[in-house]
Amino acid sequence: MGVGAIRNRCVKSACVAATLFAAPALTAELSVPLPVKAPRPLEVPVTQFYDWTGFYVGVHFGQGWGKSHWTLAPDASGAVNFFNRFDAFETTGGYFGGLQLGYDYMLPNRFFIGGVVDVSVPSFPNLGGISLGGTSTFVSSTLGQESYTENVLHFGTLRGRVGYAPGNWLIYATGGFAWTYDQLTLTQQDNCCTTDSPFLWRLGWTAGAGIEFPVAPNWTASAEYLYTKYGNSSVGFANSVQRFESDLAIQQVRVGLNYRFGAGAGSGNDAATGWFGPSADRVNFHGQTTFVWQGYPQIRSPYAGLHSLIGSGEGRETWDATLFAGIRLWQGAEVWINPELDQGFGFADTHGAAGFFTGESYKLGSSYPYARLQRAFLRQTINLGGEMGKTDADLNWFANRVTENRLVLTTGKFSIADIFDTNKYANNPKTDFLNWSLINAGTFDYAGDGWGYSYGFAAEWYQGIWTLRGGVFDLSTTPAGGDSPRAFALDPSFDQVQMVGEIEERHQLFGQPGKLKVTAFLSRGRAGEFQNAINISQVTGLPADINAVRTYTSRPGVSLNLEQQVTETVGVFARAGWADGNIEPWDFTDIDRTISGGVSITGKQWGRPDDTIGIAGVINNISGVHQAFLNAGGLGILIGDGQLPNPGFEEIFETYYSYALTPATRLSFDYQFMNNPAYNRDRGPVNAFAVRLHAQF
């Protein structure tokens, strides 16, 4: 072996030995733990509950009952029972509605304190003139048999609230000051005359308890019970020289809906989605309020009847506020309720013209606000295929994805005009034309109570460019002609009904969308023929009375309805209608023939895209025998001047300008010219001016 090889082997051996000696040291060095970041402690998520602190505003709806003990010294004493059951066909009873405003402050321990003020109004009085109230009958030594009535006109409370919120809901106790404003009436039964009707303020206290919980972001619902006790009051009836001492206690159960300002995600308020989901998904709340003042100066009026316009001129106002509350039940199913507060009158208590001046006035009016449950219905949408589309959330509508072909079923209480004879440009007195014979075909004598609502069922079948609609609805107990006491309530027997059918065609004309509709109705019930009433009048010499000749019969009618967009900012509409002029109209107005048309222009071209100008005209007429009936002293639904020697067409012109104060608020100015009101050439013409303020959310 050479010296070089030996030298190389030694070198290799030395390297291996060095490596072996170094290994323990390297191992020891590697065994020292490397520095690492200290682990974080386990993080527990913090649950955020609903934060109830803040202002809120809302509405409530409830049922009241109670008792007033009275004493007429030294003759008699008794009690007035304030309970009145709900009548679904008159929509009357001891229920009420109202508004509230409050503030709550949540403490760190989940207890809260707050305050609330509310005002409530009862339902429209029943046929006895009573809503939340009652009558007691007795015999006095001086006047014989008498009746003592007390009726609540409006009431309210100012209360504190204290409670605890264990989670996303709270329970509370409440109490404070209460007041009510009532009307008392004393009537002598022997001579059937009312001796007096004074008004009375009662003051007292209230206490109760309730629960409240979120239903959607910013929205909460509540349920509460209140007991209210008022002190003794003394009221003198001047005409009978009698004085009554009385007390009053009222109990009420109410449900409420509150909008809480500033309640948003991040403060626990998104917990509301755990109850029902976002408002656009499972629950939906909208509201509106509309105020209208309308007046006309003196008109030519050589004579007048019971249903005539006042010759000296008149100014009237109406106001309403409506809640549109809906909830989804299952796929395609929606339930809606529309409690409403109403107040005001039309000209001459909504008489004097067939094409009446404002659809915001009802056939029954009141100086004091009152509550009504106008709509309560179920709608089911069934998709049948075709192109998918989307509907936006709106008044009584959820945001939905629907197919071009679908079936829509609606049942419950609603207005027939919600579904039939609709028109984009002339259909809503809250936002466009006011005249009755412009918002619907004047001959469309659709079934409805004194406010235009009825129980019924409607089906709509959408297929391509066509829609076929049909429905069956409850008529009022008697036609409104002659102002029968039951004319404004729906028929509880459902023996008198109306069948409505409509076919709609949608089209494009020069690239612009349009619709054409044909609507027909057939009313089946006890109605009178004009000729029979005239025959009896000629024999007796008395004014023609349609109430005396009613038999079970049919009254048909048909109308044509066109809406057509001309440009992005201009649309036109037209209607024409016919109804059987031998039989009295039932529930709408006194028109047997009509033709109308107009134009709607938005303000985009002058920099006001949310403004609207409307211009329209109407010609209404009635049959010859209908004219003869009125000339014989007969009374219609809205008209009756006692005679009609010179009949003519009722000619109407209307124009309005709607100015957008905000995207949700409109101020409108309206003018109407009417020639030959109630088809009478001897009266008028009428120049009617109106101001309308409308807001919705």
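Aromatic rings of Y455 and F89 (six-membered ring for Trp) have centroids within the 6.0 Å cut-off, being under it. Centroid-to-centroid, the aromatic rings of W201 and Y181 come within less than 6.0 Å.
Salt bridge annotation for D611-R666: absent, with no cationic side-chain nitrogen under 4.0 angstrom from a carboxylate oxygen.
To the nearest 0.5 Å, atom CG of residue L257 and atom CZ of residue F285 are 4.5 Å apart. In this structure, the separation between CD on Q696 and CG on L395 is 4.5 Å, given to the nearest 0.5 Å. Note: T290 OG1 to R692 CZ = 8.0 Å, rounded to the nearest 0.5 Å.
A ring-ring contact (aromatic ring centres under 6.0 Å, His included) with F96 is found for exactly one of Y370, F155, F82, namely F155. With W336 as the fixed residue, the ring-ring contact (aromatic ring centres under 6.0 Å, His included) test singles out one of F414, F398, F324: F398.
Looking at heavy atoms from C-beta onward, Q242 lies in side-chain contact with L72 at the 4.5 angstrom threshold. Proximity of R608 to S658: side-chain heavy atoms (C-beta onward) are nowhere separated by under 4.5 Å. Contact check for Y453 versus R375: side-chain heavy atoms found under the 4.5 Å cut-off. When side chains are defined from C-beta on, Y296 counts as touching I310, because their heavy atoms get closer than 4.5 Å. Considering only heavy atoms from C-beta on, W169 stays 4.5 Å or farther from E212 through its side chain. Side chains of T350 and Y362 form no contact here, defined as non-hydrogen atoms less than 4.5 Å apart. In this structure the side chain of R316 reaches within 4.5 angstrom of the side chain of D349, judged on heavy atoms.
Annotation: ring pair (Phe, Tyr, Trp, His ring centres under 6.0 Å) contacts of Y172 (sequence neighbours excluded): none. Residues forming a side-chain hydrogen bond (donor to acceptor under 3.5 Å, both in side chains) with W70 (at least two apart in sequence, or on another chain): S136. For R254, the salt bridge (Lys or Arg N to Asp or Glu O under 4.0 Å) criterion is met by D118, E224, not counting sequence neighbours. For N435, the side-chain hydrogen bond (donor to acceptor under 3.5 Å, both in side chains) partners are S437, Q672, not counting sequence neighbours. Partners of F669 by ring pair (Phe, Tyr, Trp, His ring centres under 6.0 Å), not counting sequence neighbours: none found. For F357, the ring pair (Phe, Tyr, Trp, His ring centres under 6.0 Å) criterion is met by F347, not counting sequence neighbours. When the ring pair (Phe, Tyr, Trp, His ring centres under 6.0 Å) test is applied to F86, the partners found at least two apart in sequence or on another chain are Y95. Evaluation of the salt bridge (Lys or Arg N to Asp or Glu O under 4.0 Å) rule for K67 yields no partner, not counting sequence neighbours. Scanning for salt bridge (Lys or Arg N to Asp or Glu O under 4.0 Å) contacts around D394 gives an empty result, with sequence neighbours left out. Evaluation of the salt bridge (Lys or Arg N to Asp or Glu O under 4.0 Å) rule for E317 yields no partner, not counting sequence neighbours.
Between F111 and Y164, the ring planes are tilted. Angles from 30° to 60° get that label. The aromatic rings of F261 and Y259 sit perpendicular to each other, their planes meeting at more than 60°, with 30° as the lower class boundary. Note on ring orientation: taking the six-membered ring where Trp is involved, the planes of F199 and Y368 are tilted (angle from 30° to 60°). In this pair, W205 and Y227 present their aromatic rings tilted. The plane angle is within the 30 to 60° band.
Note on residues 356-372: pairs passing salt bridge (charged side-chain N to carboxylate O under 4.0 Å, His left out), not counting sequence neighbours, are E360-K430, R372-D449. Identified under the side-chain hydrogen bond (donor to acceptor under 3.5 Å, both in side chains) test for residues 96-108, with sequence neighbours left out: H60-Q100, Q100-N258, D104-R161, D104-R260.
With no hydrogens or angles considered, no side-chain donor-acceptor pair links S668 and D670 at under 3.5 Å.
Considering every non-hydrogen atom in both S415 and G452, the closest pair reads OG-O, 3.4 Å.
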